Protein chains: 2
Amino acid sequence: MTVSITDVARAAGVSTSTVSRALRGRPGVSDEVRAQIATVAAQLGYTASRSASSLASGRTFTIGVIAPYIGRWFFGTVLDAAEKVFSAAGYDVLLYNLGTPETRKRFFTRLPVRKRVDAVLSLLIPDEEEAAALRSLEVPLASTVGGAREGFTVVGIDDHAGAASAVRHLVNLGHRRIGMISGASEPLHWTTPLARRRAYLDVLADAGIEHDPKLEADGGYTVEGGEQAMTELLAASRPPTAVFAQSDEMAMGALRALRRHRLRVPDDVSVVGFDDHELAEVIGLTTVAQPVTGQGAEAARLLLEQLDAPDAEPPGHVQMPIRLILRETTAPPSPRGPQ
Amino acid sequence: MTVSITDVARAAGVSTSTVSRALRGRPGVSDEVRAQIATVAAQLGYTASRSASSLASGRTFTIGVIAPYIGRWFFGTVLDAAEKVFSAAGYDVLLYNLGTPETRKRFFTRLPVRKRVDAVLSLLIPDEEEAAALRSLEVPLASTVGGAREGFTVVGIDDHAGAASAVRHLVNLGHRRIGMISGASEPLHWTTPLARRRAYLDVLADAGIEHDPKLEADGGYTVEGGEQAMTELLAASRPPTAVFAQSDEMAMGALRALRRHRLRVPDDVSVVGFDDHELAEVIGLTTVAQPVTGQGAEAARLLLEQLDAPDAEPPGHVQMPIRLILRETTAPPSPRGPQ
DNA sequence: CTGTTAGCGCATTCAG
DNA sequence: CTGAATGCGCTAACAG
């Protein structure tokens, strides 16, 4: 039924080892024979069985990618970019969507990628135990999120600097009551929201603005969460005149809440997001842009580099540039005061 | 180094076949021995090599998913949903991003999934040659896009009915000059935009409205494309009072163009989209909703069903429900006329 | 219920 | 430059 290397060898009148060498471009085959074999293989529609060749060689030509979500813009975009780099180099991508605690736990205990991938790209921040499990695979590891981590090549951004630039922008515009909608604070090892919050506090302190805990709300990184969080902030006795949302999706939720409350943006309330979501421009959202596609591609590239040169010292942490993009959702506070 | 089935067998004092049977839950092993083996395997941190077991059994427990994009909302969402179903059933997902003509061509000529997957889910519409290539894999095939197709289980929507409901809505509001921003018309086998256009023409004809080719523009399924297309439409001598965009992303681009032209929505121009993108609600976009998550999950489920019962006749075409969602971007035409 | 024996399809020694 | 032999780790008959 399905054509194997033996069929090609027989049809070409050579041995299977010659076929193997010829097709993979290894030395030790005359150009003549090589061309002949290529022709025969094409005719027969031969493709080497990945299972068999990985079993024999130990290499899988497959990269495992683990992510907490796929449908969400940031992750889909990183994945898209990384996949292109991998496939261009002849690697396949094995995808694991680890959104729920159960799937996540099952993945790390059973480690289905063991002996199945040549490297792993993580789009989620593993806790210490999970990181150890990944290291036990003994393959190159990379990540596009979180801070530096032993055994991983992390291609990230300076979350503190990014968040600081957003909040400082609001301060410079003259805002004093600045709220924040933060990302999920639940998994403690998820350092991103912590770093961004730290920046928020630091900038306020620098500006001599007293921190008001009532001006903080959790938006869980979703549009709905952002909407709820904004609603909470508006319910305060003295609502903010400006809000820093830790992600564009939450910022969009905030915009919706403001619209429902008949508040104008930026006249009544200013809003800054974080990410530069593909629709941020459509909406006119002021935000901190991070090179999402670039992060995915760069992480993939660095992983391939390690695969090519296993002995070289892998880079630990690569910082990608960020920049504040001013659009239409921020302005000086209304002279009439909040509301 | 890495622990194999032989190590487990030796440690448990049984043969490798018993270990194999025990760990895969096959009959013919006493509960006692099975439990013992499970313990030993866990202690040693044993995971069966997928390469070896697929080579031996012919089954890969892997599903190939091919998509034209991943970062774009529709595809990311379908993929997310499908992956969850597959992984819950113990299957891994091999992802192929076939966005460019080159990657696409390479995939279909080399067919890297051959002997590597137990089934294929396609998020793109293959042309006849590509479909034949997939059929040659001799594994169950499913798709979430396009119309019925031989050898495929297609979980789609009634594009004609969906588009018709959108255009009819505009007609019912009293619009006579109704424009359309269509999806990429380039690959001829891409039937979706054709079906939606057909519906547009049909509804206009039904309403006794003469079709004006100047009221159609191509938006290539992107936000930027939608913006450009809308700009073109506005440049017409008699611009439309309402526009049907074949995707929400193009509708969002249209909204942006309208804003730039200082036209109010829906007062000056009404806009309807298609998809119910996650941000459509945030923007208040009237649109035709399709159950994207449901389509991905259902297609995955049907594929697994075929894997479980290879002899059963696979369903050819499953129609998922659609519905028009009225929000804030559509209203009767302004009594003052266009502009 | 359990062990023995053969491959699955290929890459890689080692000879020639 | 080429072919013959060996084994990667596992599953699937086949015996017992």
Side-chain angles (χ1 to χ4, degrees), chain A residues 1-38 40-41 44-62 90 111-118 138, chain B residues 1-38 40-41 44-62 90 110-118 137-138:
Chain A
M1 27 171 278
T2 158
V3 25
S4 83
I5 198 171
T6 325
D7 302 318
V8 179
R10 188 164 26 219
V14 296
S15 74
T16 61
S17 15
T18 302
V19 174
S20 174
R21 281 188 284 251
L23 260 24
R24 288 181 306 137
R26 317 234 56 157
V29 184
S30 69
D31 290 350
E32 199 180 358
V33 173
R34 190 187 298 274
Q36 220 259 88
I37 290 176
V40 173
L44 268 46
Y46 170 72
T47 311
S49 153
R50 272 306 228 290
S51 307
S53 66
S54 338
L55 183 56
S57 72
R59 294 202 61 175
T60 65
F61 282 100
T62 302
L111 234 40
V113 289
R114 177 171 292 162
K115 307 173 195 166
R116 262 207 107 175
V117 299
D118 291 341
E138 300 184 344
Chain B
M1 26 169 280
T2 158
V3 23
S4 83
I5 198 172
T6 326
D7 302 320
V8 178
R10 187 164 27 219
V14 295
S15 74
T16 61
S17 20
T18 302
V19 173
S20 175
R21 282 189 283 252
L23 260 25
R24 288 180 307 140
R26 317 231 57 153
V29 183
S30 69
D31 291 351
E32 199 181 0
V33 174
R34 191 187 297 277
Q36 219 256 80
I37 290 176
V40 173
L44 266 47
Y46 169 72
T47 311
S49 154
R50 274 302 231 288
S51 307
S53 68
S54 21
L55 183 57
S57 71
R59 296 203 58 175
T60 64
F61 283 99
T62 302
R110 313 191 22 170
L111 234 38
V113 289
R114 178 171 291 162
K115 307 173 196 167
R116 263 208 107 177
V117 299
D118 292 340
L137 294 172
E138 301 186 340

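Numbers restart at 1 for each chain; the letters A, B, ... are given by sequence-line order, proteins then strands. Predicted, not measured: the structure shown is a model, and the values here were computed from it.
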Participant: Consider the side chain of B:Ala52, meaning its heavy atoms from C-beta on, and name the nucleotide among C:dA11, C:dT12, D:dC10 that approaches it most closely.
Facilitator: D:dC10
Participant: What closest approach, in Å, do B:Lys115 and A:Ser51 show between heavy atoms, and which atom pair accounts for it?
Facilitator: O-OG, 4.1 Å
Participant: Is the phosphate of C:dA11, meaning OP1 or OP2, less than 4.0 Å from a side-chain N or O of A:Arg26?
Facilitator: no
Participant: So, taking the atom named OG1 in A:Thr16 and the one named CZ in A:Arg21, what distance separates them when rounded to the nearest 0.5 Å?
Facilitator: 9.0 Å
Participant: So if I take the C1' atoms of five pairs at each end of the helix from C:dC1-D:dG16 to C:dG16-D:dC1 and get each local axis, what angle do the two axes make, rounded to 10 degrees?
Facilitator: 30°
Participant: Going by side-chain contact (heavy atoms from CB on, under 4.5 Å), A:Ile5 matches just one of A:Ser17, A:Ser20, A:Ser15, A:Ser49. Which one?
Facilitator: A:Ser20
Participant: Within this structure, what is the CD1-to-P distance between B:Ile5 and C:dG3, rounded to whole angstrom?
Facilitator: 12 Å
Participant: Examine D:dT11: is either OP1 or OP2 under 4.0 Å from a nitrogen or oxygen in the side chain of B:Ser20? Give yes or no.
Facilitator: yes
Participant: Have B:Ser57 and B:Arg24 got a donor and an acceptor in their side chains that come within less than 3.5 Å?
Facilitator: no
Participant: Using distance alone, with no hydrogens and no angle criterion, decide if B:Thr62 and A:Arg50 have a side-chain donor and acceptor under 3.5 Å apart.
Facilitator: no
Participant: Could you give the CZ-to-P distance, from A:Arg50 to C:dA11, as a whole number of Å?
Facilitator: 11 Å
Participant: Using a cutoff of under 3.5 Å, can you pull out all pairs of nitrogen or oxygen atoms linking the protein to nucleotides 1-5 of chain D, with atom names and distances?
Facilitator:
{"unit_1": "D:dT2", "atom_1": "OP1", "unit_2": "A:Ser30", "atom_2": "OG", "d": "3.3"}
{"unit_1": "D:dT2", "atom_1": "OP2", "unit_2": "A:Ser30", "atom_2": "N", "d": "2.7"}
{"unit_1": "D:dG3", "atom_1": "OP2", "unit_2": "A:Ser15", "atom_2": "N", "d": "3.1"}
{"unit_1": "D:dG3", "atom_1": "OP2", "unit_2": "A:Ser15", "atom_2": "OG", "d": "3.3"}
{"unit_1": "D:dG3", "atom_1": "OP2", "unit_2": "A:Thr18", "atom_2": "OG1", "d": "2.7"}
{"unit_1": "D:dG3", "atom_1": "N7", "unit_2": "A:Arg21", "atom_2": "NH2", "d": "2.9"}
{"unit_1": "D:dG3", "atom_1": "O6", "unit_2": "A:Arg21", "atom_2": "NH1", "d": "3.2"}
{"unit_1": "D:dG3", "atom_1": "O6", "unit_2": "A:Arg21", "atom_2": "NH2", "d": "3.4"}
{"unit_1": "D:dA4", "atom_1": "N6", "unit_2": "A:Ser17", "atom_2": "OG", "d": "3.1"}

Participant: Keeping A:Thr47 on the side-chain end and B:Pro112 on the backbone end, is there a donor-acceptor pair under 3.5 Å?
Facilitator: no
Participant: In whole Å, I'd like the distance from the CG atom of B:Leu55 to the P atom of C:dG9.
Facilitator: 7 Å
Participant: How many whole angstroms separate atom CG of B:Asp7 from atom P of D:dC8?
Facilitator: 11 Å
Participant: Could you tell me the separation between the CZ atom of A:Arg114 and the P atom of D:dC8, rounded to a whole number of Å?
Facilitator: 19 Å
Participant: Using a 6.0 Å cut-off, check whether atom CZ of A:Arg59 has over 12 heavy atoms from anything other than its own residue.
Facilitator: yes
Participant: B:Gly25 and B:Arg34: which non-hydrogen atoms are nearest, and at how many Å?
Facilitator: CA-NH1, 3.4 Å
Participant: For A:Asp7 and A:Ser4, which heavy atoms make the closest approach, and how far apart are they?
Facilitator: OD2-N, 2.7 Å
Participant: Give the nucleotide from the list D:dC10, C:dT12, D:dT11 with an atom nearest to the side chain of A:Ser57.
Facilitator: C:dT12
